[in-house]
Structures are given as C-alpha cells and as structure tokens.
Asker: 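Got a structure for you, questions after.
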Amino acid sequence: MATSEPKQQPWREEQLRKYTFKTDQIPRLPCSDSKVDELISLGQPVVITDTKLATPALKWTLDYLQEHLGDGDYSTYESDSHIFRYFDEKKLQSHKGYSPPMKRIEVKFPEFVQRVRNYEPGDKKLYLQQQLNDTVGKQIVVDFLQFNWPWISTYQRKNNWGQLTSNLLLIGMEGNVTPCHYDEQENLYAQVGGYKRVILFPPSQFSCLYPYPVHHPHDRQCQVDFENPDYERFPNFRNAHGYEAVLGPEDVLYLPMYWFHHFESLLDGGLTTSITFWYKSAPTTDITYPLKPQQKMAMMRNIEKMITEALNDPEEVRSFGPKSDSDSWVRFLAVVLVGPFMKDMVLGRYTNCRDPVV
Ligand SMILES: O=C(O)CCC(=O)C(=O)O
Ligand SMILES: [Fe+2]
C-alpha cells in the first residue's frame, strides 16, 4: 500500500513578519467536514481547502491576464513603504491638511505588469485592487462563469446572506501589507496565486485595536502600528490576541463581517493574486440580548455618525477632551461615569487620535 508522504509546507517561517501579539491558528478544513457549515453559520472564520471556488483563476498569471483582461483601467495603489493603508477618498475632502500614505492611480494592465517586472528597491511598491467588471475580455468571462458558483450559492442561501456585491481582484508585490481593519460585508476570500498570511481579531477585541473615528479618512482601520505599537496611546493593544493562517492557491477563507483583518504577501515569496467574494450580510430578524460585539460595533458607527453630523464639524468631535481647566470635569465624567460602551468608543480612539506620520 502506498503511504502518503506528509506534505511539505510550501513557505518558511522567515517569510512571516514578526509582531508582538500572540495568535492561534484558524482551522483548515475540507468542504466535506460538517464543522465548515457550523463555523460559517456561527460567524466564525475558517479556511476551506478544496472548494474549487476560483480554480479557473489558478492560470491567471501576469502573461495570461495581460492577454485577456482587455484595455480597461486598473485601480492600483502606489506606496513608498510596504504598507497599503486604505483611505476613504470622500472623507479626505473634509479632513484638510491630511495627505494619505498611498496614492490611487488608474493604469492599463500592461503598464502594471511592466512596472512590477522592472521593480527595483527604492521604487514605489504597487498593489492592484480592481473590481472585476464588464471591461474584461471574453476568456476572463469564461473563467469567471466556471467558478464554483453552486458551492458558494449554497452558503449564501444557508446563511441568508444578501446579494453578491463585488469581486475585487488583488495583485500584490511580495511583502505588501494591508494593515488591520474591518469591513461591513461577509467575505469569502479566494487565494489563487502565491502565499498570503492573514491575521484576524474578533469584534470582541474592538477595545484592543483602536479603529480611527468614523469620520476620519481611515475609518474602519486600526490606529495601532503593528510593527511599532505605541502602548502609551494604545495600552489595550497588549491584550490583542489574533487568529492566523497562511493562504495558498485553492484556499478560501471565510472572513466574517466586522472581524478585524491584516493581510501580508509573504516576504520573498513573489506576487500574490486573490479574489474577494463580498456578500451583503443577512438581515437582522429577532434581536437577542446581550447584543453581540459586532452589533455593538454597528451601533457605535451609527452613534458616531449621528454625533458628527449633528455637530457638523469633525474637528469638534475629535478634539473631545479638556480645552481648559474648566473642561476637565467632562473628561472626569467620561472616564469615571460612562460605561464600557462609551469608553470603548471614545477613550484612546478620540482622546489620542493622531494622523500617522507620512
Ligand atoms: O488581500 C488584501 O490585501 C486585503 C483584502 C481585504 O482587506 C479584504 O478582502 O477585505
Ligand atoms: Fe478588508
């Protein structure tokens, strides 16, 4: 009888960046394992190893894409460093004087390929992040139609998710980092080329991660620099505890809505290609108490939006805190009397909010 050799791990520990917090592993399971259904229905992350969700995209090399993508524009971010921190361009307008740490450019695919291939240390790093749309050529449409829609639609139905909103194609250079943030949709994230590490934190760790105020261009992004955490400003980051996995071709991660996530293309690992499948969340039917941490996050967002809109001046919200001695009782009230919900929303995040140094 043939014995199967244990499969060798196709990446090395030195390809992972080093951080200060502890992590556990996200479970890796085949589709046939009934735990997959259970975890997804509980809103818990899981890596599923054999969905064949985006198998036709395994052949999407740069050459293949260049031949078949068509001549549409591809949104690509340019960054001086390996960090690609997303910003909301609409919120930039009301946040005068702040220039974001990366720039979005629209390029034709061959230009992207040329810049990636000719990259030299010191050049700006690139990260293509473009929604798949109807400008792609016929062959890409054929590949797309052959994705495993029956499998993914089953999960959409079982979990009562809303419509598929978009598929983002991500092509990143080795070492690129998408820093920690959360999104407001359910995500089945298909890895198709190269290896990417993902680190997740559940919504219950909101108070360890200090997302920017909602009106800030970096809304939904954590303020803490994972590579050099400032524990004075963000003391609870010491208590952050993540879940992680390295995703390779054919792996699909269920990334639940409101879970914080950080992605890194492995160091010295070449280009990475991934495709997101974003779904609207299930409508809330009956509310049960206590509310879940993600429901509280949604509430906080609404309250912050209301306050910002009511005051009609983000600066007034942000510079909360004593401006003079006579204001100090306000801070006293906030610190001593307000319950954990308001503290999580305000302390550290609002009292210590600073723009990152560009
Ligand atoms: O792959 C990445 O770099 C970021 C992906 C991400 O943030 C997402 O799929 O929500
Ligand atoms: Fe995301």
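First listed ligand is number 1; within each ligand, the first listed atom is number 1.
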Asker: Looking at Asp183, which of its N, O or S atoms is the nearest one to the Fe ion (ligand 2)?
Answerer: OD2
Asker: Have a look at ligand 1 and work out which part of Asn187, if any, has a heavy atom under 4.0 Å from it: side chain, backbone, both or neither.
Answerer: side chain
Asker: Does a donor on one side chain and an acceptor on the other come within less than 3.5 Å for Glu186 and Ser281?
Answerer: no
Asker: Indicate whether any N or O donor in one side chain lies under 3.5 Å from an N or O acceptor in the other, for Thr135 and Asn133.
Answerer: yes
Asker: For ligand 1, which atoms have a heavy atom of Tyr189 less than 4.0 angstrom away?
Answerer: 1 (O), 2 (C), 5 (C), 9 (O)
Asker: Heavy atom under 4.0 Å from ligand 1: found in Phe277's side chain, backbone, both, or neither?
Answerer: neither
Asker: Taking atom types as modelled, find out whether Gln223 and His216 have a side-chain donor-acceptor pair closer than 3.5 angstrom.
Answerer: no
Asker: With a 4.0 Å cut-off on heavy atoms, is Tyr127 in contact with ligand 1?
Answerer: yes
Asker: Can Phe84 be said to touch ligand 1, with heavy atoms closer than 4.0 Å?
Answerer: no
Asker: Is it true that Tyr254 and Trp161 have ring centroids separated by less than 6.0 Å?
Answerer: yes
Asker: Would you say Gln129 contacts ligand 1, with heavy atoms under 4.0 Å as the rule?
Answerer: no
Asker: Of the options Tyr279, Phe263, Trp259, which is the one that meets Tyr189 in a ring pair (Phe, Tyr, Trp, His ring centres under 6.0 Å)?
Answerer: Phe263
Asker: Is Lys196 close enough to touch ligand 1? Criterion: a residue heavy atom under 4.0 Å from a ligand atom.
Answerer: yes
Asker: Would the Tyr182 and Tyr258 ring centres measure less than 6.0 Å apart?
Answerer: yes
